[in-house]
Enquirer: 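Dropping the structure in here first, questions after.
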Amino acid sequence: MKAKLHLQNVLGSILESKGWEWPEKATLEPPRDKKFGDMSANIAMMLSKQAKMNPRAIAEEIKGQLDSDPYIEKVDIAGPGFLNFTFSNSFWQNMIPEVIAKGDDYGRSEMGKGKKVQVEYVSANPTGPLHIGHGRGAALGDCLVRILEFTGHEVEAEYYVNDAGRQMLILGNSIWVRLQQNEGRDIVDPEDFYKGDYITDIAKEVLELNPGILEMKEADSVAICREYGMNQILEGIKKDLAAFDVRHDVWFSEKSLVETGKVDETFADLKARGMAYEKDGALWFKSTDLGDDKDRVLRKSNGDLTYFASDISYHDNKYKRGFDTVVDIWGADHHGYIPRMQAAVEALGKKGQLDVILVQLVNLLRGGEQIAMSTRAGKFETLEDVVNEVGRDASRFMFLSRKSDSHLDFDLDLVKQKTMENPVYYVQYAHARICSVIQKAAEAGIEVEASTPELLSLLGNPEELNLIKLMDQFNDVVESAGEYMTPHTISYYLRDLASALHRFYSMHHILSAEKEIIAARLILLKAVGKTLENGLALLGVSAPKKM
RNA sequence: GCGGCAGUAGCUCAGUUGGAUAGAGCAACGGCCUUCUAAGCCGUUGGCCGAGGGUUCGAAUCCUUCCUGCCGCACCA
């Protein structure tokens with residue numbers, strides 16, 4: 001049983017017997033400083049108003065009820081009225097079999113109660129290969145999907161394919177122009193033009209597959225270029241994401257929305273709700289009613305749909321597919337777009353059911369020097385190149401080691417280094433060490449035994465207890481990462497756990513101890529290894545047995 | 001101009017759902033390998049949490065004014 005859960009139960013019944021309500025903001029957490037014990041509660045301070053007593057008196061009342069608890073060794077009252085709890089060693093020791101029994105499910109939670117959540121991420125326009133910035137969104141989205149699933153949500157991962165807009169026209173035109181230039185026609189690059197080498201490659205392929213393309217009507221030629229180009233690029237994107245171990249369950253086409261008349265349905269819906277109106281020959285969305293700073297155009301006066309229009313329809317479609325919550329992961333340059341999208345969701349009657357996570361820019365560096373990037377100019381480091389150069393584990397961990405809304409410096413030379421500046425190795429090394437010791441033990445004829453209370457009672461030094469207490473926190477870390485959508489907290493947790501393991505490892509030589517102690521420690525190591533493995537799995541990073 | 005995010009140790013960053021003496025890594029300095037992986041461990045040094053004001057038992061955290069940086073403000077996507 002978790003320490004926090006035990007306290008919740010015990011304190012809950014004490015409060016009930018006193019007729020006090022559990023204060024909503026009361027916290028129950030390990031104190032920052034270990035000298036205050038294992039768990040700390042501010043509940044007495046929170047109850048003070050309700051109970052009309054001073055906090056310390058309330059704390060005394062609660063403490064008096066806890067004397068008989070078999071797991072709690074000590075209760076202290078400190079400062080303005082903190083209740084500090086110290087649990088008995090046997091309480092902690094008994095956690096270990098639980099970790100081992102749960103195995104791959106250790107840390108799993110029912111928090112989400114089966115809520116249906118959709119996470120849409122990456123969704124880069126299929127106009128060029130993915131670059132490093134997309135990689136961050138990919139790592140974050142994929143990790144979030146894993147965390148939400150692990151915390152009891154039903155999750156679907158989706159990629160929105162923008163195959164209907166102006167960018168696609170530019171892509172088709174770029175390929176067509178390049179194709180003609182390759183054949184000696186004297187055509188100047190248009191203003192909006194993708195210039196990357198991949199355009200040239202695609203142009204060559206198009207010509208090979210369509211030898212007569214130069215003689216066709218221009219519109220047909222461009223259409224062929226556009227379709228072929230988009231499909232090739234999309235295939236490349238899928239391949240890159242697969243290599244990065246990123247999962248999308250659904251590839252949703254923008255064009256399918258437009259062609260099936262879904263956008264018109266959404267317009268009709270909005271008009272019926274009084275949220276859309278005609279003006280100056282255009283159709284407008286009345287987003288100012290819902291907190292946006294200006295109304296937004298849905299259908300331009302020339303009859304074209306805006307991106308926003310199909311996006312509203314797209315979100316409408318998401319909710320019609322039955323998701324309770326929709327999460328969009330966007331680049332930070334889209335932040336100005338959030339108010340109108342939230343307004344749109346509200347207009348659809350789904351207020352509060354859209355979470356937008358912004359991912360800040362990635363500065364790609366090499367040896368401290370910034371590498372310039374631009375898709376249009378074809379100057380960028382592709383995700384594929386980066387993954388090939390520094391590896392999937394190192395790049396994923398790097399992306400997930402920072403809050404999503406802060407800028408990230410991604411230094412290729414640094415990420416390749418196998419030092420502590422690159423914590424992925426530190427965590428993986430902890431796991432590999434554990435496997436190595438267990439392996440060495442097996443070679444000496446010592447297998448990991450089933451745990452008994454007698455064996456576990458031998459685990460009493462500070463380093464051993466510290467490892468157990470950290471493992472106990474894994475659930476809370478995972479749940480909070482899911483609730484606040486902050487995957488980076490798992491990276492930090494794993495670093496702490498790895499650090500505790502390394503410390504234990506270097507202070508206590510395992511295989512040279514007495515037989516029973518070896519057995520007990522192997523059981524502990526097995527549990528720690530499993531926790532590290534589960535945590536790394538949430539990040540999509542491997543847990544190697546050897547390094 | 002309006003808005004978003006940021007400003008914490010020399011560097012890169014956690015901590016921000018109000019809690020106790022603000023943390024980690026790197027860098028610097030000093031130790032630890034004849035035993036399980038030194039990609040490791042231990043120790044020392046290092047802070048006006050951008051600045052001022054406010055809210056309260058208590059503020060890096062909330063409110064407010066200001067300074068600095070990045071980004072966004074289309075009938076583009």
Side-chain angles (χ1 to χ4, degrees), chain A residues 24-25 27 29 31-33 35-36 40-42 45-46 48 54-55 78-82 84 123-125 127 162 164-168 170 192 254 279-284 293-294 296-311 331-339 358 360-361 363 401-403 405-409 411 414 417-430 432-441 443-444 480 483-484 486 488-489 491-492 495-496 498-499 501-513 518 521-522 525 546-547:
Chain A
E24 203 173 316
K25 287 196 161 182
T27 55
E29 56 195 12
R32 192 167 285 171
D33 194 327
K35 79 174 185 206
F36 292 123
S40 188
N42 64 353
M45 276 118 74
M46 293 296 174
S48 146
N54 89 53
F82 285 103
N84 294 326
S123 299
N125 287 341
T127 55
N162 298 120
R166 207 172 76 92
Q167 297 307 320
M168 292 324 306
I170 297 173
D192 288 318
E254 178 187 7
K279 190 185 125 195
D280 302 334
L283 182 68
W284 294 74
D293 50 9
K294 59 180 85 161
R296 306 289 175 173
V297 172
L298 296 169
R299 193 183 56 234
K300 306 179 209 174
S301 47
N302 68 6
D304 288 349
L305 298 175
T306 61
Y307 176 81
F308 183 45
S310 52
D311 215 11
D333 53 344
H334 285 66
H335 81 252
Y337 192 68
I338 295 176
L358 291 182
Q360 276 291 355
L361 299 177
N363 280 324
S401 66
R402 202 130 305 169
K403 270 188 307 201
D405 59 3
S406 61
H407 291 265
L408 174 70
D409 286 336
D411 192 317
L414 220 67
Q417 274 178 33
K418 298 180 176 181
T419 68
M420 241 326 275
E421 271 196 79
N422 191 4
V424 64
Y425 296 105
Y426 185 80
V427 177
Q428 288 182 321
Y429 186 46
R433 268 187 155 168
I434 289 172
C435 294
S436 174
V437 172
I438 291 176
Q439 173 67 28
K440 272 277 178 338
E443 283 165 15
S480 114
E483 187 175 355
Y484 300 110
T486 50
H488 72 280
T489 54
S491 313
Y492 280 89
R495 231 192 302 193
D496 287 345
S499 167
L501 184 278
H502 287 310
R503 186 184 163 89
F504 166 67
Y505 179 92
S506 42
M507 288 184 69
H508 306 284
H509 198 272
I510 294 148
L511 298 180
S512 60
I518 295 179
R521 287 182 177 166
L522 287 178
L525 284 186
K546 255 189 202 160
M547 287 175 76

Enquirer: With the sugar-phosphate defined as primed atoms, P, OP1 and OP2, and the base as all remaining atoms, what B/S/- string results for nucleotides 30-37 of chain B, 5' to 3', for protein heavy atoms under 4.0 Å?
Expert: -----BBB
Enquirer: Just say parallel, tilted or perpendicular for the rings of A/H508 and A/F504, cut-offs at 30° and 60°.
Expert: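 Ring orientation, 0 to 90° scale: tilted.
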Enquirer: Check every strand shown and say whether A/D311 touches a base, only sugar-phosphate, or nothing at a heavy-atom separation below 4.0 Å.
Expert: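 Touches nothing.
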Enquirer: Taking B/C62 as the reference, what is the distance to B/U17 when you measure between their P atoms (whole Å, please)?
Expert: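 B/U17 and B/C62 have their P atoms separated by 6 Å.
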Enquirer: Is there aromatic stacking of A/F36 against B/A20, centre distance under 5.5 Å, plane angle under 30°?
Expert: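 The ring of A/F36 is stacked on B/A20.
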Enquirer: For B/U44 and B/A24, measure between their P atoms and round to the nearest Å.
Expert: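 It works out to 11 Å between them.
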Enquirer: Rounded to the nearest 0.5 Å, what separation is found between the NE2 atom of A/H509 and the CD1 atom of A/I518?
Expert: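 If I round to the nearest 0.5 Å, the distance is 9.5 Å.
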Enquirer: Would you mind classifying the nucleic acid contact of A/S301 as base, sugar-phosphate or nothing, using non-hydrogen atoms under 4.0 angstrom?
Expert: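 Base, at least one base heavy atom under 4.0 Å.
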Enquirer: To the nearest Å, give me how far apart OH (A/Y426) and C1' (B/G25) are.
Expert: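 Checked: the OH to C1' distance equals 9 Å.
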Enquirer: Name the closest nucleotide to the A/Q167 side chain, picking from B/C76, B/C75, B/C71.
Expert: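 The listed nucleotide nearest to A/Q167's side chain is B/C76.
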Enquirer: Please report the distance separating the P of B/C75 from the corresponding atom of B/C71, rounded so that it comes out in whole Å.
Expert: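 Roughly 22 Å separates the two P atoms.
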Enquirer: As a check on the pairing definition, encode RNA chain B in dot-bracket form, counting Watson-Crick and G-U wobble pairs whose two distances are under 3.5 Å, and using | for partners outside this strand.
Expert: (((((((..((((.....[...)))).(((((.......))))).....(((((..]....))))))))))))....
Enquirer: Calculate the interatomic distance between A/R296 atom CZ and B/A77 atom C1'; express it in whole Å.
Expert: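 Rounded to whole Å, this separation is 14 Å.
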Enquirer: A/Y425 side chain: which of B/A20, B/A77, B/A39 is closest?
Expert: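 Comparing B/A20, B/A77, B/A39 against the side chain of A/Y425, the answer is B/A39.
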Enquirer: How long is the straight-line distance from CG of A/D333 back to CD of A/Q360, given to the nearest 0.5 Å?
Expert: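 With rounding to 0.5 Å, CD (A/Q360) is 9.0 Å from CG (A/D333).
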Enquirer: Could you please spell out the steps behind the side-chain hydrogen bond (donor to acceptor under 3.5 Å, both in side chains) verdict for A/S310 and A/E254?
Expert: CA-CA 7 Å; A/S310 52; A/E254 178 187 7; 2.8 Å; yes
Enquirer: Taking O4'-C1'-N9-C4 for purines and O4'-C1'-N1-C2 for pyrimidines, is B/C33 syn (within 90° of 0) or anti?
Expert: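 B/C33: syn.
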Enquirer: Roughly how far apart, to the nearest Å, are B/U65 and B/C2 at atom P?
Expert: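 Going atom to atom, P in each nucleotide, I get 11 Å.
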Enquirer: Using a heavy-atom cut-off of 4.0 Å across all strands, would you classify A/S48 as base, sugar-phosphate, or nothing?
Expert: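 If one applies the 4.0 Å heavy-atom cut-off, A/S48 turns out to touch nothing in the nucleic acid.
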Enquirer: For A/N54, answer base if it contacts any base atom (sugar-phosphate contacts may also be present), sugar-phosphate if it contacts only those atoms, and nothing otherwise; contact means non-hydrogen atoms under 4.0 Å.
Expert: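 The residue A/N54 makes no contact with any strand.
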Enquirer: From C-beta outward on A/H502, which listed nucleotide comes closest to its side chain: B/U12, B/C41, B/A20?
Expert: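 The nucleotide sitting nearest to the side chain is B/C41.
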Enquirer: Mark yes or no for whether A/T306, through its side chain, and A/L298, through its backbone, hold a donor-acceptor pair below 3.5 Å.
Expert: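 Present.
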Enquirer: Could you grab the distance from atom CZ of A/R402 to atom OH of A/Y492, nearest 0.5 Å is fine?
Expert: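 Rounded to the nearest 0.5 Å, the CZ-OH separation comes out at 5.5 Å.
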Enquirer: Over how many whole Å does the gap from A/D333 atom CG to B/A74 atom P extend?
Expert: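 The distance from CG of A/D333 to P of B/A74 comes to 14 Å, rounded to the nearest Å.
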Enquirer: For B/A22 versus B/C26, give the span between their P atoms, rounded off to a whole number of Å.
Expert: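 Result for the P pair: 22 Å, nearest Å.
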Enquirer: Distance between the P atoms of B/G18 and B/G72, in whole angstroms?
Expert: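 Looking at atom P only, B/G18 and B/G72 are 33 Å apart.
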Enquirer: Which class fits the ring pair A/Y307 and A/Y337: parallel under 30°, tilted 30 to 60°, perpendicular over 60°?
Expert: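 Rings of A/Y307 and A/Y337: tilted, 30 to 60°.
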Enquirer: How long is the line joining CG of A/L408 and C1' of B/C5, in whole Å?
Expert: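 It is 15 Å, rounded to the nearest whole Å.
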Enquirer: CZ of A/R521 to CG of A/L511: how many Å apart, nearest 0.5 Å?
Expert: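 Output value for this atom pair is 10.0 Å.
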Enquirer: Nearest 0.5 Å, please: how far is CG in A/L525 from CD1 in A/I434?
Expert: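 Separation between the atoms: 5.5 Å.
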Enquirer: Round to a whole Å and report the spacing from CE of A/M45 to P of B/U56.
Expert: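 Taking atom P of B/U56 as the reference, CE of A/M45 is at 17 Å.
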Enquirer: With a 3.5 Å distance limit and no angle check, can you tell me whether A/S499 reaches the backbone of A/R495 through a side-chain donor-acceptor pair?
Expert: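 Side chain of A/S499 to backbone of A/R495: no pair is present.
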Enquirer: Has the side chain of A/N42 got a donor or acceptor atom that lies under 3.5 Å from a matching backbone atom of A/T27?
Expert: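 Yes: the side chain of A/N42 pairs with the backbone of A/T27.
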Enquirer: Does the cation-pi check pass for A/R433 over A/Y505, that is, NZ or CZ under 6.0 Å from the six-membered ring centre and within 45° of its axis?
Expert: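 Pair A/R433/A/Y505 counts as cation-pi.
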Enquirer: Measure the distance from CG on A/D33 to P on B/G23 and round it to the nearest whole Å.
Expert: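 It is 8 Å, rounded to the nearest whole Å.
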Enquirer: Could you check whether A/N125 gets within reach of a base, just the sugar-phosphate, or nothing at all, counting any heavy atom under 4.0 Å?
Expert: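 The answer is sugar-phosphate, as A/N125 gets under 4.0 Å only of primed atoms, P, OP1 or OP2.
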Enquirer: Considering only the C1' atoms, how many Å lie between B/A6 and B/G50, rounded to the nearest integer?
Expert: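 Comparing C1' positions in B/A6 and B/G50 gives a spacing of 11 Å.
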Enquirer: Do A/D304 and A/R166 sit within salt-bridge range, that is, some charged N less than 4.0 Å from a carboxylate O?
Expert: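 Between A/R166 and A/D304 there is no salt bridge, as every charged N stays at least 4.0 Å from the carboxylate O atoms.
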Enquirer: Between B/C41, B/C73, B/A77, spot the one nearest the side chain of A/K294, thanks.
Expert: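 Output: B/C73.
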Enquirer: Measuring from atom OH of A/Y426 to atom NE2 of A/H502, what distance do you get when rounded to the nearest 0.5 angstrom?
Expert: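 Reported to 0.5 Å precision, the distance equals 5.0 Å.
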Enquirer: How close or far is atom P of B/C73 from atom CZ of A/F308, stated in whole angstroms?
Expert: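 Whole-Å distance recorded here is 14 Å.
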Enquirer: Starting from the 5' end of RNA chain B, give me the residue, A/A78 or A/L358, whose nearest nucleotide shows up first.
Expert: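 Its nearest nucleotide lies further toward 5', so the answer is A/L358.
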Enquirer: Rounding to an integer number of angstrom, what distance separates B/G46 and B/A20 when you compare their C1' atoms?
Expert: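 Taking atom C1' in both B/G46 and B/A20, they lie 23 Å apart.
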Enquirer: Both A/D496 and A/V297 contact RNA chain B. Which one's nearest nucleotide lies toward the 5' end?
Expert: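 Residue closer to the 5' terminus by nearest nucleotide: A/D496.
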Enquirer: Can you find a side chain N or O atom of A/R299 that sits less than 4.0 Å from OP1 or OP2 on B/C75?
Expert: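 The answer is no; no side-chain N or O of A/R299 sits under 4.0 Å from OP1 or OP2.
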Enquirer: Rounded to the Å, how far apart are A/L298 CG and B/C76 P?
Expert: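 That distance rounds to 12 Å.
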Enquirer: Which atoms of nucleotides 14-18 of chain B (N or O only) lie under 3.5 Å from a protein N or O atom, and what are those distances?
Expert:
unit_1	atom_1	unit_2	atom_2	d
B/A14	OP1	A/K403	N	3.2
B/A14	OP1	A/S406	OG	3.1
B/G15	OP1	A/H488	NE2	3.0
B/U16	O4	A/K403	NZ	2.9
B/U17	O2	A/Y484	OH	2.2
B/U17	N3	A/Y484	OH	2.2

